[in-house]
Number of protein chains: 2
Amino acid sequence: MRDPETFFRALSDPTRLRCLLLLMAEGRLCVCEFVHALDLSQPRVSRHLGHLRDLGIVLDERRGQWVHYRLHPALPQWAHDVLEAAFQAEGLRDIRQRLASMPDRPSAACD
Amino acid sequence: MRDPETFFRALSDPTRLRCLLLLMAEGRLCVCEFVHALDLSQPRVSRHLGHLRDLGIVLDERRGQWVHYRLHPALPQWAHDVLEAAFQAEGLRDIRQRLASMPDRPSAACD
DNA sequence: TCCTTATATACGGATATCCATATATGCGTG
DNA sequence: CACGCATATATGGATATCCGTATATAAGGA
């Protein structure tokens, strides 16, 4: 992650912000879990995750037919602090509940 | 300040981000001081400050022919935390130096 | 190999953002 | 009132962003 303003622009989209806050809460998720939790189209989620990957904010890892995403381990402390502050402000309750109600979650299966 | 993503969008522009970090450091500044410190055109600075005002992020106060800006007192804690984290990440040294070298600063004069 | 599922990308259009330039407003002074 | 300085806004064009739809790629299983 380069400069703060690029990071803030990444967080200025509701899809991307929710993806990142979900990752903070859950640690690691695959695309179909984002799609279910956020109730958005697959291309939309995939495009935004790809954007976050290109910026070095998240890291992807293929496991069989699934691709798992997590926060990039090299994310600087100030970026973590920003995400933490956003997490305070954002509800996120209903979204995490919808994720929990997803049947046959791939992340739960493997490890 | 309503939601985090609107706040992040406001911070995603370099002009606005620098204005806010300058306000964090200096407390209160008038438009011509921003113009001098950031070396940008007056309409550009004024437009971005107006944007921040409309969002409830800063507060303006006319003092004679000058208009002073400061962070909005009602800014929630999480927004302060975000600005604090950005302040850590951003250098800002040269900019504050350029401000300090400004002759006849209006903010210093009155109060 | 064929089919299914999961994920990624390409395309085109609608909308938003940002800027420079020009002009308007507001205040203080003579 | 006329002028000068500080600040705000309007206009138009260039560029970026975001989306839905359609399609491409990749892996696993029959």
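By convention in this document, chain letters (A, B, ...) are assigned in the order of the sequence lines, proteins followed by strands, and residues within each chain are numbered from 1.
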A/Arg44 side chain, from C-beta outward: closest of C/dA20, D/dC19, D/dA6: D/dC19
Indicate yes or no: at least one non-hydrogen side-chain atom of B/Leu49 is less than 4.5 angstrom from one of B/Asp60. no
Would you indicate whether the side-chain heavy atoms of B/Leu38 and B/Leu22 approach each other to under 4.5 Å? yes
Residue set satisfying ring-ring contact (aromatic ring centres under 6.0 Å, His included) with B/Phe7, at least two apart, ordered chain then number -> B/Trp78
Base, sugar-phosphate, or nothing: which does A/Tyr69 touch, judged by heavy atoms less than 4.0 Å apart? sugar-phosphate
Rounded to whole angstrom units, what separation is found between the CD atom of A/Gln65 and the C1' atom of D/dG29? 10 Å
Rounded to whole angstroms, how far apart are CD on B/Glu5 and C1' on C/dT17? 17 Å
Going hydrophobic residue to hydrophobic residue with side-chain gaps under 4.5 angstrom, can you get from A/Met24 over to A/Leu20? yes
In whole angstrom, what separates A/Leu38's CG from D/dC19's C1'? 16 Å
Parallel, tilted or perpendicular, judged at 30° and 60°: which one describes the rings of B/Phe34 and B/Tyr69? perpendicular
Using heavy-atom distances to pick each residue's nearest nucleotide on DNA chain D, tell me which of A/Gly64 and B/Gln42 is more 5'. B/Gln42
Among the nucleotides D/dA22, D/dA6, D/dC18, which one has an atom lying closest to any side-chain atom of B/Arg9? D/dC18
Give the rounded distance in Å between these two atoms: CG of B/Asp13 and P of C/dA16. 17 Å
Using five base pairs at each end to define the local axes, how bent is the helix from C/dT1-D/dA30 to C/dG30-D/dC1, to the nearest 10°? 10°
In terms of side-chain heavy atoms of B/Arg62, which of C/dC27, D/dA27, D/dC18 is nearest? C/dC27
Just wondering, do B/Leu59 and B/Arg70 contact through their side chains at under 4.5 Å, heavy atoms? yes
Provide, to the nearest angstrom, the distance between the NE2 atom belonging to A/His68 and the P atom belonging to C/dA6. 12 Å
Between C/dA6, C/dC18, D/dC18, spot the one nearest the side chain of B/Arg16, thanks. C/dC18
Separation of atom CG in A/Asp104 from atom P in C/dT5, rounded to whole Å: 13 Å
Verify the neighbour count for atom CG of A/Asp94: are there more than 12 heavy atoms of other residues, nucleotides or ligands below 6.0 Å? yes
Where along residues 45-56 of chain B does a heavy atom fall under 4.0 Å from DNA chain C? B/Arg47, B/His48
Between C/dA6 (P) and A/Leu29 (CG): distance, integer Å: 15 Å
Considering only heavy side-chain atoms of A/Val31, the closest of C/dT7, D/dG20, C/dA20 is C/dT7
Does A/Arg16 come within less than 4.0 Å of B/Glu5, counting only side-chain N to carboxylate O? no
Is there a side-chain contact between A/Leu83 and A/Leu71 (heavy atoms, below 4.5 Å)? yes
